[in-house]
Amino acid sequence: MGIGIMMTTFVAMEGVAWAMHKYVLHGFLWFLHKSHHTRHNHIFEWNDLFFAYYGALAMLFFYFSSNAIDYKFWIGAGITLYGVAYFVIHDVFIHRRIKFFGKTSNVYLRALNMAHKVHHKSGHKYGSEAFGMLWVNRKYFKAAFHTLKKQQANRGAIHY
C-alpha cells in the first residue's frame with residue numbers, strides 16, 4: 001500500500017510541477033525563475049529556491065507522519081523521489097550542472113532534452129512550451145527518433 005501511495009505521489013508530482021512551472025514560475029514568481037532562463041557562470045541560481053520548497057514540503061510530510069509509517073510518510077517519500085529524479089534528469093542530464101552524462105542514444109532521453117531546449121528557446125516569461133519534466137509530447141519523440149536514425153545512417157555511410 002505504501003509503495004503504491006509513493007508511486008502515485010511521484011506521478012502526481014509531474015502534474016503539480018507542470019502547473020507550478022507554467023502558472024507560477026512563468027507567472028508571478030518569474031522574477032525568481034528568470035535566473036534559470038538566463039545564461040550565467042555561477043553554480044546556483046535564484047530558481048534553486050524552488051528545490052528547497054519541495055524539499056521542505058516533503059520534510060513536513062515526514063515530520064507530521066505518525067510513529068507508524070502512515071500515508072503521510074509515503075507522500076513525503078514520493079515527493080522526495082520526484083525531487084531526486086528532477087535533480088538527476090533536469091540538473092545533471094539536461095543542464096549538465098554536474099558533468100556526469102555524455103550524449104545518449106536513448107530516444108526518451110533525447111526527446112526530454114529536445115523539449116527542454118524548446119522550452120528555453122524563449123528566454124522570456126511568455127512564449128515557452130513544454131513545461132513538464134518527465135512527460136514529453138509525441139512530437140519530441142518523433143523528432144528524437146528521426147535525429148537518432150539519421151545519425152546512425154550517417155555513421156554507416158562512407159564519407160569521401
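For the numbers below, each heavy atom of this structure counts, side chains included, while hydrogens, waters and symmetry mates do not. Keep in mind it's a predicted model, so treat the numbers as computed, not measured.
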Query raised in the report: About how many Å separate CD1 of I75 and OG1 of T80, when rounded to the nearest 0.5 Å?
Result: 11.5 Å
Report task. Please examine the side chains of R110 and Q151, heavy atoms only from C-beta on, and report whether any two atoms are closer than 4.5 Å. Result -> yes
Query raised in the report: Under 30°, 30 to 60°, or over 60°: which ring-plane class applies to H21 and H26, parallel, tilted or perpendicular?
Result: tilted
Report task. Working to the nearest 0.5 Å, report the span between OG1 of T9 and CG of L81. Result -> 10.0 Å
Query raised in the report: Around atom OH of Y108, are there more than 12 heavy atoms of other residues, nucleotides or ligands at under 6.0 Å?
Result: yes
Query raised in the report: Side chains of F51 and Y86: does their closest heavy-atom pair fall under 4.5 Å?
Result: yes
Query - Gap between atom OG of S35 and atom CZ of F44 - 0.5 Å precision - result: 12.5 Å
Query raised in the report: Sub-3.5 Å donor-acceptor pair from the side chain of K72 to the main-chain atoms of F64, do we have one?
Result: yes
Query raised in the report: Hey, what do you get for CZ (F73) to CD1 (I5), rounding to the nearest 0.5 Å?
Result: 11.0 Å
Query - Parallel, tilted or perpendicular: rings of W30 and H33 (30°, 60°) - result: perpendicular
Requested in this report: With the side chain counted from C-beta on, respond yes when Y23 and L29 share a heavy-atom pair under 4.5 Å apart, and no when they do not.
Outcome: no
Report task. Can you measure from CE (M133) to CG (L112) and round to the nearest 0.5 angstrom? Result -> 8.0 Å
Report task. Report the distance from atom NZ of K142 to atom CZ of R138, rounding to the nearest 0.5 Å. Result -> 4.5 Å
Requested in this report: Give me the one residue out of F62, F10, W74, F61 that meets side chain to side chain contact (heavy atoms under 4.5 Å, CB included) with I79.
Outcome: F61
Report task. Could you check if a side-chain atom of Y82 sits within less than 4.5 angstrom of a side-chain atom of V11, using non-hydrogen atoms only? Result -> no
